[in-house]
Amino acid sequence: MSTPEPVQPVPAARPEAAASSGPASRCGFVSAPGSEPFVSLYTAVVLLAAAVIGLVIAALTILFGVRPATAAVTGLTAAGASVTVLRTLIR
């Protein structure tokens, strides 16, 4: 009986092609090497926190009994005002 030969892994033709061939890269979610992202992490955190604050204020305004249009304006105002505060707090 002969001993089996060890299995060697097959190298990728181009390592950068193997890393960027997933479905996320085709949709544009993965940036190309050397390019900067569309929105920085800092900006994304500030805008996400402002959106959450605006939604909470709008929901509380609706629960208070105000018309939905007024609650939407109140939520947008709260989100816009919170951006400036969050920029100074998150540094």
Side-chain angles (χ1 to χ4, degrees):
M1 223 181 200
S2 65
T3 59
E5 294 182 26
V7 178
Q8 298 292 329
V10 177
R14 293 185 331 201
E16 64 275 356
S20 65
S21 64
S25 65
R26 288 185 294 241
C27 296
F29 294 124
V30 178
S31 61
S35 67
E36 59 185 61
F38 180 68
V39 177
S40 69
L41 180 62
Y42 171 75
T43 304
V45 167
V46 168
L47 291 178
L48 182 63
V52 168
I53 289 171
L55 287 173
V56 167
I57 297 297
L60 289 174
T61 307
I62 286 176
L63 290 176
F64 186 66
V66 178
R67 292 183 296 161
T70 306
V73 170
T74 305
L76 287 172
T77 303
S82 66
V83 168
T84 57
V85 174
L86 289 170
R87 282 186 64 220
T88 59
L89 288 177
I90 304 174
R91 272 282 167 175

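Everything quoted here is computed from the prediction, not taken from an experiment.
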Give the C-alpha distance, both sets of side-chain angles, the deciding distance and a yes or no for side-chain contact (heavy atoms from CB on, under 4.5 Å) between Thr74 and Val66. CA-CA 10 Å; Thr74 305; Val66 178; over 6 Å; no
Does [X] share a hydrophobic cluster with [Y], counting links as ILVMFWY side-chain heavy atoms below 4.5 Å and allowing steps through other members?
X     : Y     : answer
Leu41 : Ile90 : yes
Leu63 : Val52 : no
Leu55 : Leu48 : no

Interatomic distance, Ile57 atom CD1 to Ile62 atom CD1 [nearest 0.5 angstrom]: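 CD1 of Ile62 is found 12.0 Å from CD1 of Ile57.
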Specify the closest pair of heavy atoms between Ser82 and Ala79, including all atoms of both residues, with the distance to one decimal.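 Nearest heavy atoms, Ser82 then Ala79: OG-O, 2.8 Å.
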Where is the tightest heavy-atom contact between Ala50 and Leu86, given as atom of each residue plus distance?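 So the minimum-distance heavy-atom pair works out to N-CD1, 3.6 Å.
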Flag this pair as yes if the NZ/CZ of Arg87 is under 6.0 angstrom from the six-membered ring centre of Tyr42 and inside a 45 degree cone about the axis; otherwise no.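 Judged by the rule, Arg87 and Tyr42 form no cation-pi pair.
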